[in-house]
Amino acid sequence: MMEADVLLGLQWGDEGKGKAVDVLAPSYHWIARFQGGPNAGHTLWMDGQKIVLHTIPSGIFREDCMNLIGNGVVIHPPSLLQEIKALRQHGLHLEGKLMISAKTHLILPGHRLLDQAFESAKGDHKIGSTLRGIGPAYTDKYARHGLRYCDLAGPQGNALLETAHEEHLRQLKALDFELPKDLPEQVQAWMDAVYELLRDFAPADGSWLLNQALDQGQRVLAEGAQGSLLDVEFGAYPFVTSSHTTSASACTGLGIAPNRLGTVYGLFKAYCTRVGSGPFPTELHDQTGEALRRAGHEFGATTGRPRRCGWLDLPALAYAIRLSGVSQLIITKADVLSGFEEIKIATHYQGLDNHQSPYPNDSIECIPEYKTFQGWNLEASQSYGSRQQLPTQLQTYLSYLEDQLNLPIRWISLGPERNQILECK
Ligand code: GDP
Ligand code: IMO
Ligand code: MG
């Protein structure tokens, strides 16, 4: 029986999922996003040109690859349309290649405003949301008054939107939120966008499409967004996103049964970054943190915010691997550490059992203990043909991680471009 593979981030997002999916996509027939929405920013580099995908799966540039926005995703029609138009300018024909699940929930104009209103009300305790309306859209979904893509296709579409919008206005008023002057125009633009999308992309039965593809022996890759440590259930709540970011979410977010999941690829950077607020035990507040940010160009792909930087965190990685049943690892940005004299890995937290969740609650302070490794120097222009050709210090670092995490590293990414990656066979 053919199984669907999953690729997800093991940290706080931005591990390089977009690049990795683009590299793996030629061996898959379908790439499917299963959770999150345009809070994601997945970067692809094509011949020196940067493309950031927010809602569209990262298999879109591969000719024979179908791409599905699954039912577990939340979409913002004007942003999605803008993304589609940008891809068309790159010469892509998306009709028949991009599918949108009928059950995908919609981010309404009011959701974005509510996101802002809730964040400002939190003051110093704000989550650092991307303010893309993700939390309020999922709130409405689970409160059972959200709107799905297929709802707008029906004759009641306009009326449903009007009712939902009225309710958002009522909530915003209660929060004393000042409405933007052009809100009516925003709502109109939102409607225009959704009808333009519906014209070109009929609501699809995503679950049926994927299960049928698997039945026919086709290969499916589920593309995670955000990262395991931002999971609404297992991240450091409330400093999380509003969706489930672990592998189980690929089942509910696509309509694939758990016994149809195959390889789970866990992706991590050779160090850690985080955007927004919340615990980050290995964060560096010094020159080294600044050097990591500079070398790794660590600025958000969605909001442009500087990312907080720190050393790799083994207990957190082990936790994320356990939550998702990761079977193969992909490490990215090992090249960013090139030139650092010393490189550290947090091996455990003082006084804590590593087998416990690293962030059970805010009252437990996680103070990391580090192991220090010798740095390496990669030749910028040199292309490495195999893992054995890498500097020995980097090989030592990789072997240590494999030993500690008890999993093989299958891919080593050494730069943002498609060809800057090594497969370990
Ligand atoms: P995603 O959200 O997980 O897809 O990651 P982002 O696109 O938000 O951030 C990852 C950034 O690192 C992007 O700018 C990528 O182009 C870049 N990137 C990905 N892999 C590598 C790598 O191995 N080395 C370097 N230097 N950059 C990488
Ligand atoms: P990709 O897919 C990094 C973070 C935000 C904030 C928290 C909640 O590119 O890895 P939300 O907008 O969901 O209400 O924000 O989650 N966050 C991300 N951080 N990468 C992402 O996606 C993220 N999506 C959300 O910064 O701390
Ligand atoms: Mg990103």
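Atoms within each ligand, like the ligands themselves, are counted from 1 in listed order. Remember, predicted model here, so these are calculated numbers, not experimental data.
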Non-hydrogen atoms of G41 versus ligand 2: any pair closer than 4.0 Å?
-> yes

K371 charged N/C atom sitting above F373 aromatic ring, 6.0 Å / 45° = yes

Select one of side chain, backbone, both or neither to describe which atoms of R274 lie under 4.0 Å from any atom of ligand 2, heavy atoms only.
-> neither

Flag the pair D151 and R148 as a salt bridge only when some basic side-chain nitrogen lies within less than 4.0 angstrom of an acidic carboxylate oxygen.
-> yes

Considering T273, N39, L230, which one's heavy-atom position lies nearest to atom 17 (N) of ligand 2?
-> L230

Say whether V336, considering both its backbone and side-chain N or O atoms, lies within less than 3.5 Å of an N or O atom on ligand 1.
-> no

Would you mind checking if E423 and R410 are paired as a salt bridge, meaning a charged N to carboxylate O distance below 4.0 Å?
-> yes

Does ligand 2 have any atom that is closer than 4.0 Å to a heavy atom of G227?
-> no

Between T43 and the options K50, H297, K19, K17, the side-chain contact (heavy atoms from CB on, under 4.5 Å) test singles out K50

Sub-4.0 Å heavy-atom contact, E298 with ligand 1 | no

Any N or O of T332 closer than 3.5 Å to N or O of ligand 1 | no

Restricting to N, O or S atoms of D14, which is nearest to the Mg ion (ligand 3)?
-> OD1

Which one holds for K19 and ligand 1: side chain close, backbone close, both close, or neither close, with close meaning a heavy atom under 4.0 Å?
-> side chain

At under 4.0 Å between heavy atoms, which part of D115 makes contact with ligand 2: side chain, backbone, both or neither?
-> neither

Ligand 1 to W45, heavy atom cutoff 4.0 Å, flagged ligand atoms 16 (O)

Any idea which part of R132 is under 4.0 Å from ligand 2, heavy-atom wise: side chain, backbone, both or neither?
-> neither

Between W411 and Y265, does the ring centre distance come in under 6.0 Å?
-> no

Applying a 4.0 Å heavy-atom criterion (strictly less than), which segment of R307 is in contact with ligand 1: side chain, backbone, both, or neither?
-> side chain

Where ligand 2 meets G128 - atom numbers and elements under 4.0 angstrom, heavy-atom basis = 5 (C), 6 (C), 26 (O), 27 (O)

How about G41: does one of its N, O or S atoms come closer than 2.8 Å to the Mg ion (ligand 3)?
-> yes

Under 6.0 Å between the ring centres of Y397 and W376?
-> yes

For ligand 1, which atoms, with element, lie under 4.0 Å from some heavy atom of G18?
-> 4 (O)

Identify the protein heavy atom lying closest to atom 10 (C) of ligand 1, giving its residue, its atom name and the separation to 0.1 Å.
-> D14 O, 3.7 Å

among protein heavy atoms, the one nearest atom 23 (C) of ligand 2 is Q226 CG, 3.7 Å

Atoms of ligand 2, numbered as shown, that sit under 4.0 Å from any heavy atom of K17 | 1 (P), 2 (O), 10 (O)

Would you mind telling me if ligand 2 is within reach of the side chain of W12, the backbone, both or neither, using heavy atoms under 4.0 Å?
-> backbone

May I ask whether G41 places a heavy atom under 4.0 Å from ligand 1?
-> yes

Just going by heavy-atom distances, which of I412, D335, L414 is nearest to atom 24 (N) of ligand 1?
-> D335

Aromatic ring pairing H168/H165, orientation class (parallel under 30°, perpendicular over 60°, tilted between) | perpendicular

Do any heavy atoms of G415 fall under 4.0 Å from ligand 1?
-> yes

